[in-house]
Enquirer: 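Quick one: the structure is below, and I'll ask about it shortly.
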Amino acid sequence: MEQEPIINGYLRKMLELGGSDLHLSVNQPPKSRIHGNLQVLEDDVLDAGRMENLMREICLPAYRWDQYLARRDLDFAHEIPGLARFRCNYLYNYHGMGCVLRQIPSRIQTIDELKLPQVLMEICEYKSGLVLVTGPTGSGKSTTLAAMINYINTNYSKHIITIEDPIEFVHENYYSTIVHREVGIHAESFPRALRGAMRSDPDIVLIGEMRDNETIRLGLTCAAMGMLVFATLHTNNAPKTIDRVIDAFPSDEQAQIRTMLAEGLKAIVSQLLCRRKDGGRVAVHEVLLWADGLPNTIREGQISNIRTIIDAGGNRGMQSMDSSIQREFDVGNISAEEAYMKASDKGRFIHQLEAEEAELRKQRLNR
């Protein structure tokens, strides 16, 4: 019987503790992120030799190890059959080799199970245009997108092409036909894969990450050609997302990109994870949908008007990030401190934060 990779033992222990990310580095003990906090899994410090052995063991095919040594950075997926898949990032730091492995659940959760805004089902029914799912690293963007693709797959007959680095969630074909392509294995780059997708008659294209202006331009071009394009960006809300897309280009190209974005953008869904008071985390969302005033707002660079559009569209399912945070605070899921830290308008929660801190001081004095 073939021996299981050493790193799988750390991953299994991490999952038993409810962790999401495994952090390994030379001269450090194995650590896991559990409910948002890094915790030591065991006290055994990893030396350079052990670190290289356990990293090399799962880096398949073998040529990818040579890529890692040459580039000092590598992304790929690793799977423990029947348990979970993991997105692996190999890197070098001050002490030498290191890696972070993030869990990708083996079962794709639904929009309802994740308690995502119900308007996401409506977004999934769009025929064309650009839909951006945004948020910082580790905010659950991939999980949300997987739930949306799953909704389409179980309700509509579509040709869906995903372009990722690496492939994270693997979808079975139900009503739709889904083609997974991994950058570095099935295509040289995101732009190369997108050009190939344009010739493959897709209804829907999922871009794992818009990393450069060429990928952004091609994503906008696909949307203009009549495809529904889903993509991710590392931004916290709708106004910052629009600015990020435009600022990715030189000043002499920004007018053209504004026009393309104004014509193609159909929705922005921004997501953050907040720490729950009872442990775990809860997602909060900002949702911007296409509205009559949105194209001109983008063309003219009046990004401050986005807030007005969102506030006016509440009956259609639009919501601001702060209002979503407010709801989680009002029902007692998150603390005033967490609401204050995550909110854009800090003043909205300053009085609740002061009251919470005063109550904590009172409790300490009465002990």
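What's counted below: heavy atoms across the whole structure, side chains too, no hydrogens, waters or symmetry copies. The first residue of the sequence shown is numbered 1, and numbering continues consecutively from there.
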Enquirer: Verify side chain to side chain contact (heavy atoms under 4.5 Å, CB included) between L24 and I7, making sure each step is shown before the conclusion.
Expert: CA-CA 10 Å; L24 301 176; I7 206 168; 3.6 Å; yes
Enquirer: Quick one: are R85 and F169 in side-chain contact, heavy atoms under 4.5 Å?
Expert: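 No. Closest side-chain heavy atoms not under 4.5 Å.
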Enquirer: Taking side chain as C-beta onward, heavy atoms only, is E253 less than 4.5 Å from R258?
Expert: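 Heavy-atom side-chain distance check fails, nothing below 4.5 Å.
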Enquirer: So, applying side chain to side chain contact (heavy atoms under 4.5 Å, CB included) with N333, which one of E338, E328, R327 is it?
Expert: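 When side chain to side chain contact (heavy atoms under 4.5 Å, CB included) is applied between N333 and each of E338, E328, R327, only E328 qualifies.
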Enquirer: Is there a donor-acceptor pair closer than 3.5 Å between any side-chain N or O of N153 and the backbone N or O of Y174?
Expert: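 Here the side-chain-to-backbone pair exists.
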Enquirer: Would a single hydrophobic cluster contain both V183 and I104, if residues Ile, Leu, Val, Met, Phe, Trp and Tyr are joined by side-chain heavy-atom contacts under 4.5 Å?
Expert: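 Each belongs to a different hydrophobic cluster.
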Enquirer: Examine distances only and state if a side-chain atom of T154 and a backbone atom of Y151 form a donor-acceptor pair shorter than 3.5 Å.
Expert: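 Yes; at least one donor-acceptor contact below 3.5 Å.
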Enquirer: Counting only heavy atoms not in R276 (residues, nucleotides, ligands), do more than 12 fall under 6.0 Å from its CZ?
Expert: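 Yes, because the 6.0 Å sphere around CZ of R276 holds more than 12 heavy atoms from other groups.
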Enquirer: Answer with yes or no whether the side chains of N305 and T308 bring together a donor and an acceptor at under 3.5 Å.
Expert: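 Side-chain D/A pair, T308 to N305: absent.
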Enquirer: Please tell me whether R33 and Q39 have a donor and an acceptor in their side chains that are separated by less than 3.5 angstrom.
Expert: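 Result is no, nothing qualifies.
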Enquirer: Honestly curious: do Y156 and V205 fall in one hydrophobic cluster under the side-chain, below-4.5 Å linking rule?
Expert: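 Y156 and V205: one cluster.
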Enquirer: Do L206 and V170 sit in one hydrophobic cluster, given that two such residues count as connected whenever their side-chain heavy atoms are within less than 4.5 Å of each other, even indirectly?
Expert: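 In one cluster with L206: V170, no.
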Enquirer: Of all the heavy-atom pairs spanning P136 and H234, show the shortest one and how long it is.
Expert: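 Looking at all heavy atoms of both residues, the closest pair is C-ND1, 4.1 Å.
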Enquirer: Mark yes when over 12 heavy atoms from residues, nucleotides or ligands other than D44 sit less than 6.0 Å from its CG; otherwise mark no.
Expert: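 Result for CG/D44: enclosed.
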Enquirer: Under a 3.5 Å distance rule, please check whether S176 uses its side chain to pair with a backbone N or O of K158 as donor and acceptor.
Expert: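 Here the side-chain-to-backbone pair exists.
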Enquirer: Is it true that, when you exclude K115 itself, more than 12 heavy atoms of the residues, nucleotides or ligands shown sit nearer than 6.0 Å to its NZ?
Expert: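 No, the 6.0 Å shell around NZ holds no more than 12 heavy atoms from other groups.
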Enquirer: Distance check, rounded to the nearest 0.5 Å: L46 atom CG versus N53 atom CG?
Expert: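 Result: 11.0 Å between the selected atoms.
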Enquirer: Quick one, D165 and F190 - any side-chain contact, counting heavy atoms below 4.5 Å?
Expert: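 Contact flag for D165/F190 side chains = yes.
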Enquirer: Report the C-alpha separation of D203 and M227 in whole Å, then their side-chain angles, then the decisive distance to 0.1 Å, and conclude whether the side chain to side chain contact (heavy atoms under 4.5 Å, CB included) test is met.
Expert: CA-CA 5 Å; D203 299 294; M227 305 168 201; over 6 Å; no
Enquirer: Between Y68 and Y90, does the ring centroid distance fall short of 6.0 Å?
Expert: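 Yes: the rings meet the under 6.0 Å criterion.
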Enquirer: Just verifying a value: how many Å separate K31 NZ and L41 CG, rounded to the nearest 0.5 Å?
Expert: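 Spacing of NZ (K31) from CG (L41) equals 10.5 Å.
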Enquirer: Give the C-alpha distance, both sets of side-chain angles, the deciding distance and a yes or no for side chain to side chain contact (heavy atoms under 4.5 Å, CB included) between F349 and I325.
Expert: CA-CA 10 Å; F349 297 99; I325 292 170; 3.8 Å; yes
Enquirer: If we count only N and O atoms by modelled type, under 3.5 Å, do the side chains of R299 and N296 hold a donor and an acceptor together?
Expert: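 Per modelled atom types, R299 and N296 side chains form a pair under 3.5 Å.
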Enquirer: Quick one: are H186 and I167 in side-chain contact, heavy atoms under 4.5 Å?
Expert: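 Of all side-chain heavy-atom pairs linking I167 with H186, at least one is under 4.5 Å.
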Enquirer: Quick one, S142 with E168, criterion side-chain hydrogen bond (donor to acceptor under 3.5 Å, both in side chains). Give me CA distance, side-chain angles, the key distance, then yes/no.
Expert: CA-CA 8 Å; S142 297; E168 297 192 30; 3.3 Å; yes
Enquirer: Taking I216 as the starting point, is it possible to reach I246 by hopping between hydrophobic residues whose side chains are less than 4.5 Å apart?
Expert: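 I246 and I216: one cluster.
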Enquirer: Checking side-chain polar atoms at under 3.5 Å, does N93 have a donor or acceptor matched by the opposite partner on S25?
Expert: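 Yes, S25 and N93 have a side-chain donor paired with an acceptor closer than 3.5 Å.
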Enquirer: Is the shortest heavy-atom distance from the side chain of Y92 to the side chain of R71 under 4.5 Å?
Expert: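 When only atoms from C-beta onward are counted, R71 and Y92 do not touch, as no gap falls below 4.5 Å.
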Enquirer: Using a 6.0 Å cut-off, check whether atom CD of Q363 has over 12 heavy atoms from anything other than its own residue.
Expert: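 Counting other residues, nucleotides and ligands, CD of Q363 exceeds 12 neighbours.
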Enquirer: When you measure from the centre of the six-membered ring of Y126, is the NZ or CZ of K266 under 6.0 Å away and within 45° of the axis?
Expert: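 No cation-pi geometry.
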Enquirer: Run the side chain to side chain contact (heavy atoms under 4.5 Å, CB included) test on S32 and D21 for me, step by step, so that the C-alpha distance in whole Å, both residues' side-chain angles and the decisive distance to 0.1 Å come before the verdict.
Expert: CA-CA 5 Å; S32 173; D21 301 76; 5.9 Å; no
Enquirer: List the atom of R281, the atom of S20, and the distance in Å for their closest heavy-atom pair.
Expert: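 Shortest heavy-atom contact: NH2-OG, 3.9 Å.
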Enquirer: Starting at CZ of R87, measure out to CG of N89 and round the result to the nearest 0.5 Å.
Expert: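 Here the interatomic distance stands at 8.5 Å.
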Enquirer: I'd like to check V26 versus E52 (side-chain heavy atoms, cut-off strictly below 4.5 Å). Are they in contact?
Expert: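 No; the side chains remain at least 4.5 Å from each other.
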Enquirer: Does E337, at its CD atom, have more than 12 non-hydrogen atoms belonging to other residues, nucleotides or ligands within less than 6.0 Å?
Expert: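 Result for CD/E337: open.
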Enquirer: CZ/R195 to OG1/T221 distance, rounded to the nearest 0.5 angstrom?
Expert: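 R195 atom CZ to T221 atom OG1 measures 9.5 Å (nearest 0.5 Å).
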Enquirer: Measure the shortest side-chain to side-chain distance between T232 and T134 over non-hydrogen atoms and say whether it is less than 4.5 angstrom.
Expert: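 No, side chains not in contact.
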Enquirer: Is R107 atom CZ crowded by more than 12 heavy atoms from other residues, nucleotides or ligands, each under 6.0 Å away?
Expert: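 It does: R107 CZ has more than 12 such atoms within range.
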Enquirer: Kindly give the heavy-atom pair with the smallest separation between L220 and M260, and that separation in Å.
Expert: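 Looking at all heavy atoms of both residues, the closest pair is CB-CE, 3.7 Å.
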Enquirer: Which pair of non-hydrogen atoms, one from Q271 and one from K141, has the smallest distance, and what is that distance?
Expert: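 Heavy atoms of Q271 and K141 come nearest at NE2-N, 4.1 Å.
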Enquirer: For P166 and D75, work out which heavy atoms get closest and say how close.
Expert: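 Closest approach of P166 to D75: CD-CB, 4.1 Å.
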Enquirer: Classify the angle between the aromatic ring planes of H171 and H180 as parallel (below 30°), tilted (30 to 60°) or perpendicular (above 60°).
Expert: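 H171 vs H180 ring planes: parallel.
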Enquirer: Does a side-chain heavy-atom distance below 4.5 Å link V269 with L120?
Expert: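 SC-SC contact between V269 and L120 confirmed.
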Enquirer: Using the rule that Ile, Leu, Val, Met, Phe, Trp and Tyr join whenever any side-chain heavy atoms are under 4.5 Å apart, tell me whether L272 and M318 fall into a single cluster.
Expert: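 Different clusters: L272 never reaches M318 through Ile, Leu, Val, Met, Phe, Trp or Tyr contacts under 4.5 Å.
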Enquirer: Looking at A147 and L114, what are the two nearest heavy atoms and their distance?
Expert: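 Shortest heavy-atom contact: CB-CD1, 3.8 Å.
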Enquirer: Does Y94, at its OH atom, have more than 12 non-hydrogen atoms belonging to other residues, nucleotides or ligands within less than 6.0 Å?
Expert: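 12 or below, so no.
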Enquirer: Check step by step if side-chain hydrogen bond (donor to acceptor under 3.5 Å, both in side chains) holds for E164 and T162.
Expert: CA-CA 6 Å; E164 302 170 81; T162 78; 3.1 Å; yes
Enquirer: Within the side chain of T215, is there an N or O that forms a donor-acceptor pair under 3.5 Å with the backbone of R211?
Expert: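 The answer is no, because no donor-acceptor pair under 3.5 Å joins these two groups.
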Enquirer: For a quick check under 3.5 Å, do Q118 and D112 share a side-chain donor-acceptor pair by atom type?
Expert: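 D112 and Q118 do have a side-chain donor-acceptor pair below 3.5 Å.
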Enquirer: What residue among Q3, H78, K13, E57 forms side chain to side chain donor-acceptor pair (under 3.5 Å) with N8?
Expert: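 Running side chain to side chain donor-acceptor pair (under 3.5 Å) over Q3, H78, K13, E57 with N8 returns exactly one hit, H78.
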Enquirer: State whether the side chain of E286 and the backbone N or O of Q319 hold a donor-acceptor pair below 3.5 Å, judged by distance alone.
Expert: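 No, because the side chain of E286 does not come within donor-acceptor range (under 3.5 Å) of the backbone of Q319.
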Enquirer: Determine whether the side chains of Q326 and D322 contain a donor N or O and an acceptor N or O closer than 3.5 Å.
Expert: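 Side chains of Q326 and D322: no pair found under 3.5 Å.
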Enquirer: Check step by step if side-chain hydrogen bond (donor to acceptor under 3.5 Å, both in side chains) holds for E356 and Y340.
Expert: CA-CA 11 Å; E356 184 175 271; Y340 178 83; over 6 Å; no
Enquirer: Within the supplied structure, the quantity of interest is the number of heavy atoms (other residues, nucleotides, ligands) at a distance under 6.0 Å from M121 CE; does it exceed 12?
Expert: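 Counting other residues, nucleotides and ligands, CE of M121 exceeds 12 neighbours.
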